[in-house]
Amino acid sequence: MRLATWNVNSIRTRVDRVLAFLERSGTDVLAMQETKCREDQFPHLAFQAAGYEVVHHGFNQWNGVAVASRVGISDVETAFEGMPTWGDPAGAEARALGVTCDGVRVWSLYVPNGRVLHDPHYEYKLQWLGALREAAGTWLRSDPDARIALVGDWNIAPRDEDVWDMSVFAGATHVSPPEREAFRAFEDVGFTEVTRSYVDQYTYWDYQRLRFPRNEGMRIDFAYVSPVVAKRTDAVSIERDERKGKAPSDHVPVVLDLAD
DNA sequence: ATGACCATGTCGCATGGA
C-alpha cells in the first residue's frame, strides 16, 4: 500500500493538484489535513470520479481532516479516547479522523498549532498530544500486532535541524522542549517515527519571505507507526516538487510504501 | 527559475496559520 499524508491548506482550492498528485504518485490512501470546509462543501464527486472513496470530518473553515482511499475505507472515528475539547461552548475540533484501509488503521491528524508559548492554545496542544499518546498506547497494548499509522501535521519540529535557523525560533512554539518531549513520548508506548530514517527534507515552507526559494523550511509532518507497520515500511519520500508551481499548499506530501 | 503570504467568510477587514 502506498500511504501518503498531506496538509492541503484548503481542499477546495487544491483539489486539482491533489488529484494530479494521486495519479502521478500512485497513492492508494491519502490522509489530508486542513481541508478548511464543511462536509457538504467537500469535493466528493471529483475524488469519486478518480476512483477514491473519501471520509471527511469538517465543521467550518477551520481545521478539517479527511482520508481518501482506493483500497476500501471503514470503521470511522472522529475522535480518540480522551481527546480534549476547545472553544466556547467547548466542543471537539475537526483534527482527528481514524479509518481502516486494507487492514491498516490510519489516523489523519492535525495537531493544534499552539500559537505562542503558554497561550491556552499551547496548553491545549500539549494536552491533545498527551491524550493521543495515551489512546494510541492502549490500542497497541490490546493488540501488539495491530497495523496503525498516525500520520499528519504534528506542528512540532522535533530536532534543531528540522528548522532552517534555530535563532529565528527562539522562544517560539514548535521547537520548545515540552512540545518535543510530547512528540518523542510516542516512542515510549511502542510507536516509531518512520520517515526520518528514510529521508532528510523539510515538509513545510512559509508562503512569506521567499522561504521556499531560499529553502528556509520546517519538518513538521511525520508518521508514527506501530511495530508491524515499521517492519513493513519499504520506502519514504517527501514530495518537495509539490511546493512548486501554481497555487501550492505550504506543505508537501509525505509518502510511505508499505509491504502487504 | 522554486520569487517577495494565503485561505476563510464576507465585501473592508478579521482570524488563523507556524
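Because the structure is predicted, anything quoted here is derived from the model rather than measured.
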dT8(B) and dA4(B): how far apart are their C1' atoms, nearest whole angstrom?
23 Å
C1'-based separation of dC6(B) from dA18(B) [nearest Å]
13 Å
Which residue pairs pass the ring-ring contact (aromatic ring centres under 6.0 Å, His included) test when at least one of the two sits in residues 240-260 of chain A, sequence neighbours left out?
Tyr204(A)-His251(A)
ring-ring contact (aromatic ring centres under 6.0 Å, His included): which pairs involve residues 64-101 of chain A, sequence neighbours left out?
Phe80(A)-Trp128(A), Trp86(A)-His121(A), Trp86(A)-Tyr124(A)
Sequence neighbours left out, what passes salt bridge (charged side-chain N to carboxylate O under 4.0 Å, His left out) with Arg115(A)? Give chain and number order.
none
For Arg232(A), what residues pass the salt bridge (charged side-chain N to carboxylate O under 4.0 Å, His left out) criterion, not counting sequence neighbours?
none
Less than 4.5 Å apart, side chain to side chain, heavy atoms only: is that true for Ile220(A) and Trp154(A)?
no
Base, sugar-phosphate, or nothing for [X], non-hydrogen atoms under 4.0 angstrom?
| X | result |
| --- | --- |
| Gln41(A) | sugar-phosphate |
| Arg95(A) | sugar-phosphate |
| Asn63(A) | nothing |
| His121(A) | nothing |
| Tyr204(A) | sugar-phosphate |

So, Arg219(A) side chain and Thr203(A) main chain: donor-acceptor pair closer than 3.5 Å or not?
no
Side chain of Phe212(A), heavy atoms from C-beta onward: which of dT2(B), dT8(B), dA18(B) has the nearest atom to it?
dT2(B)
Just the table, please: protein N/O against nucleotides 4-7 of chain B N/O, every pair under 3.5 Å.
unit_1	atom_1	unit_2	atom_2	d
dC5(B)	OP2	Arg209(A)	N	2.9
dC5(B)	N3	Gln208(A)	NE2	3.4
dA7(B)	OP1	Arg14(A)	NH1	3.1
dA7(B)	OP1	Arg14(A)	NH2	3.4
dA7(B)	O3'	Ser10(A)	OG	3.3

Using 4.0 Å as the upper bound for N to carboxylate O, is an ion pair formed by Asp16(A) and Lys246(A)?
no
Please determine if Arg105(A) and Glu77(A) form a salt bridge, counting it only when a charged side-chain N lies under 4.0 Å from a carboxylate O.
yes
Near DNA chain B, which residues from residues 106-117 of chain A have a heavy atom under 4.0 Å away?
Tyr110(A), Asn113(A), Arg115(A)
